[in-house]
Amino acid sequence: MGCGRVGAELTVQLAKAGHEVSIIDKRREAFDRLPPGFEARTFVGVGFDREDLEDAGIKEADAFVAVSSGDNSNILSARVAREYYHVPTVIARIYDPRRAEIYERLNIPTVASVRWAAKQVMLMLFHTREEIKESIGGDLVRMRIEVPAHLVGKPVSSLQTEKKVLVAGVERGGQGFIPDGQSTFQEGDVAQVIVHRNSMDVLDELLTPLAEG
């Protein structure tokens, strides 16, 4: 919901990645932000109106993102998507960061416009298996990741790439430690990882087991 700069960029990025996208905006002219010739399912309507949402395909949606220019519209739309339609992944853009904590209690992740943009929403959409803890400044994000089975017994450094991905700590059995060059992962470990936003694809590769051949 919302075809401003962030909504338009998200629509294009998601469509280029092969996803089916519907975008709702109350102003038809807002869709002029989409690139010329770009084919998208556009709907003039209100993001918290159930009829408008159903026209746009909310019942089949895997995710709903509210990035209009109004906090109230965003959170109301997000609540309808979460509580009425039970959309698995719902994200709301919040302009007033003081209100974000309230919305987090509703189990709706929020992104504050002064710190986040389309890249951060994409990050939240496609990294549901990790718990994104916080932005730690600039382009760095701290993440909490359950160590996958194929890395058990491997050096902690196997989940690192210089200047892109760093394991800052490991949680094990209710305790934590800062790894050194000799540290290895054990079953049940959780890694505290610092990753550059532009290196999410590198992190994905490290977390994916090599195909057997």
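In this text, all values refer to a predicted model and were calculated from it rather than measured experimentally.
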**Request:** State plainly whether one hydrophobic cluster holds both I178 and V170, where clusters connect Ile, Leu, Val, Met, Phe, Trp and Tyr through side-chain heavy atoms under 4.5 angstrom apart.
**Result:** no
**Prompt:** Counting only heavy atoms not in R41, do more than 12 fall under 6.0 Å of its CZ?
**Reply:** yes
**Request:** Heavy atoms only: give me the nearest S73-S77 pair and the separation to one decimal.
**Result:** O-OG, 2.8 Å
**Asked** Do any N or O atoms from the side chain of S199 and from the backbone of V195 form a donor-acceptor pair under 3.5 angstrom?
**Response** no
**Item:** Rounded distance (nearest 0.5 Å) linking atom CG of L206 with atom CD of Q160
**Value:** 9.5 Å
**Prompt:** Measuring from I24:CD1 to F64:CZ, what's the distance to the nearest 0.5 Å?
**Reply:** 6.0 Å
**Prompt:** For S183 and D180, what are the C-alpha separation, side-chain angles and deciding distance, and is it a side chain to side chain donor-acceptor pair (under 3.5 Å)?
**Reply:** CA-CA 5 Å; S183 300; D180 58 26; 3.1 Å; yes
**Prompt:** If you round to the nearest 0.5 Å, how far is CZ of F185 from NE2 of H150?
**Reply:** 10.0 Å
**Asked** When hydrophobic residues are tied together by side-chain contacts of less than 4.5 Å, even through go-betweens, does F31 share a cluster with L10?
**Response** no
**Asked** Under 3.5 Å, side chain of N74 to main-chain N/O of S68, donor-acceptor pair present?
**Response** yes
**Prompt:** Would you call C3 and L34 a side-chain contact if the rule is heavy atoms closer than 4.5 Å?
**Reply:** yes
**Request:** Find out if a path of hydrophobic residues (ILVMFWY) with successive side-chain heavy-atom gaps under 4.5 Å connects V6 to V12.
**Result:** no
**Asked** What distance separates K154 NZ from L159 CG, expressed to the nearest 0.5 Å?
**Response** 11.5 Å
**Message:** So which atom in A92 and which in A78 form the shortest heavy-atom distance, rounded to 0.1 Å?
**Reply:** CB-CB, 4.0 Å
**Prompt:** What distance do L166 atom CG and H196 atom NE2 have between them, rounded to the nearest 0.5 Å?
**Reply:** 13.5 Å
**Prompt:** D52 side chain to V46 main-chain N or O, any donor-acceptor pair under 3.5 Å?
**Reply:** yes
**Prompt:** Are V202 and L151 joined in one hydrophobic group, where the rule is that I, L, V, M, F, W and Y side chains link up if heavy atoms are under 4.5 Å apart?
**Reply:** yes
**Item:** Closest non-hydrogen atom pair, R82 against V87
**Value:** NH1-O, 3.6 Å
**Asked** What is the minimum heavy-atom distance between A81 and V90, and which atoms define it?
**Response** CB-CG2, 4.1 Å
**Message:** Membership question, hydrophobic clusters at under 4.5 Å side-chain separation (ILVMFWY): are L76 and F43 in the same one?
**Reply:** yes
**Prompt:** Does any non-hydrogen side-chain atom of M143 lie less than 4.5 Å from one of L203?
**Reply:** yes
**Item:** Audit row: I58, Y84, side chain to side chain contact (heavy atoms under 4.5 Å, CB included) steps and yes/no
**Value:** CA-CA 10 Å; I58 191 74; Y84 188 82; over 6 Å; no
**Request:** State, yes or no, whether a side-chain contact exists between Y85 and E54 at a heavy-atom distance under 4.5 Å.
**Result:** yes
**Item:** R144 CZ to E171 CD distance, which is reported to the nearest 0.5 Å
**Value:** 4.5 Å
**Minimum-distance pair of heavy atoms, taken over all atoms of A15 and V21** = N-CG2, 3.9 Å
